[in-house]
Amino acid sequence: MSLEGKRGHAVASPSLALIKYWGKQDQGRNTPATGSLAVTLDSLKTTTEATWAEFDSVTVNKIPQELGRYQPFLTNLKTSLGLGSQGLAIVSENNFPTAAGLASSSSGFAALVGAVSDLAQIEASSAELSRWAREGSGSATRSIYGGFTVYDAGAEEAIQEWAEDFWPDFRVVLCVVRDEAKATSSRKAMELSRTTSPFYQNWVQTSPALLSQARSALAQRDWSALGPIIRQSYLRMFSTMFTSEPPVIFWQPESLAVIQALATLRNDGLSAWETMDAGPQVKVFCPANEVETIVAELGQRVPGLRYLVAGPGPGLRRGSIA
Ligand code: PMV
């Protein structure tokens with residue numbers, strides 16, 4: 001079969017965790033030490049095209065990437081798909097800031113797996129795609145599925161907990177504090193937490209309870225039960241970063257200002273609960289009818305931020321997408 005001139009396409013969206021994965025259980029297999037519960041976002045997208053080439057190359061937002069981060073992943077993916085050592089040219093576009101803690105690695109690796117398997121005309125189940133994406137980035141394991149997903153500790157693939165129409169009122173306001181890429185990758189930072197933080201074991205031991213409480217609260221669509229658990233998860237995760245040696249501090253002054261402003265807004269009756277990832281951005285989970293107020297209030301209290309709004313969205317889409 002001649003595949004020359006063929007192109008593979010895929011679109012994937014970031015997977016934002018309500019309950020965090022942080023730390024690896026097994027480095028080689030890239031499995032997580034803590035289970036996570038996440039939502040796949042609708043309005044943020046990575047669009048990827050894969051073509052056959054002489055050598056492997058990866059371009060993100062028109063910028064050629066260093067292959068180091070991608071090469072082991074591409075090599076393994078080609079082996080898993082039975083593609084031998086054929087070169088691949090990967091061209092990817094994000095419609096949101098890249099590598100700034102907006103989970104671009106989740107949508108990026110999910111879309112990459114989608115585009116390459118489309119190029120190779122391989123019919124794969126979501127579970128298989130999820131397993132392949134895992135080798136690129138833990139959170140990409142979840143981005144294969146839409147709606148709300150669970151990725152258990154030690155698991156090789158994620159599962160869909162609820163479809164994207166489960167909670168139509170659910171929104172995320174992403175507060176962009178800094179546009180530039182972060183200095184430390186999540187991969188490096190979580191490994192530093194694992195190997196140096198005195199709080200890491202505690203983080204791993206206490207996270208199953210957070211995950212199961214959050215799953216129950218989500219099943220009830222109960223903001224007042226879910227919110228405090230979301231908050232505990234990201235703050236416990238960051239406590240392992242603050243206490244690493246050397247410490248990892250992704251927060252910027254505006255990140256803390258947003259956190260404090262939200263505490264005030266909750267006292268005034270809003271159901272807005274924040275989380276953060278490996279970057280300075282603050283993401284706020286809230287009911288749809290609070291989005292406007294939150295953006296207006298934060299705009300006054302913490303000037304200069306940019307906002308993106310998303311709801312639960314679909315999982316990986318493969319093939320030519322109009
Ligand atoms: O997928 P990675 O390796 O970039 O790690 C993601 C880690 C967090 O975003 C901080 C948490 C999560 O569960 O997405």
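Counting convention: from 1, in listed order, for ligands and their atoms alike. On a predicted model such as this, the values are computed, not experimentally measured, just so you know.
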Is Ser105 touching ligand 1 with its side chain, its backbone, both, or neither, if touching means heavy atoms under 4.0 Å apart? side chain

Checking the side chain of Asp42 only, and the main-chain atoms of Ala310 only, is there a donor and an acceptor separated by less than 3.5 Å? no

I'd like to check whether Ser137 has a polar contact with ligand 1, where a contact means an N/O of the residue lying under 3.5 Å from an N/O of the ligand. yes

Are Ser106 and ligand 1 in contact, using a heavy-atom cut-off of under 4.0 Å? no

So the atoms of ligand 1 within less than 4.0 Å of a heavy atom of Ala17 turn out to be 12 (C), 13 (O), 14 (O)

Which of the ligand 1 atoms, numbered from 1, are nearer than 4.0 Å to a heavy atom of Met190: 3 (O), 5 (O)

Going by the closest heavy atom to atom 6 (C) of ligand 1, which one wins out of Ser233, Ser139, Ala278? Ser139

Is a side-chain donor-acceptor pair under 3.5 Å present for Ser107 with Thr46? yes

Could an N or O of ligand 1 be found under 3.5 Å from any N or O of Ser186, whether backbone or side chain? yes

Would you say Trp22 has any N or O atom under 3.5 Å from an N or O of ligand 1, going by distance alone? no

Does a donor on one side chain sit under 3.5 Å from an acceptor on the other, for Ser197 and Thr243? yes

Asp277 to ligand 1: N or O pair under 3.5 Å? yes

Aromatic ring pairing Tyr234/Phe238, orientation class (parallel under 30°, perpendicular over 60°, tilted between): perpendicular

Residue portion contacting ligand 1 (non-hydrogen atoms closer than 4.0 Å) for Arg142: side chain

For Phe166, look at atom CZ and say whether over 12 heavy atoms of other residues, nucleotides or ligands are found less than 6.0 Å away. yes

Identified ring-ring contact (aromatic ring centres under 6.0 Å, His included) partner of Phe148 from the options Phe285, Trp162, Phe170: Phe170

With distance as the sole criterion, is a donor-acceptor pair present between the side chains of Asp222 and Ser224 under 3.5 Å? yes

What atoms of ligand 1 come within less than 4.0 Å of a heavy atom belonging to Gly138? 1 (O), 3 (O)

Taking only distance into account, with no hydrogens and no angle test, what donor-acceptor pairs under 3.5 Å do side-chain atoms of residues 245-256 form with protein atoms, sequence neighbours excluded?
residue : atom : partner : partner atom : Å
Gln252  : OE1  : Arg178  : NH2          : 3.1
Glu254  : OE1  : Arg178  : NH1          : 3.3
Glu254  : OE2  : Arg178  : NH1          : 3.1
Ser255  : OG   : Gln252  : N            : 3.0
Ser255  : OG   : Gln252  : O            : 3.2
Ser255  : OG   : Pro280  : O            : 2.8

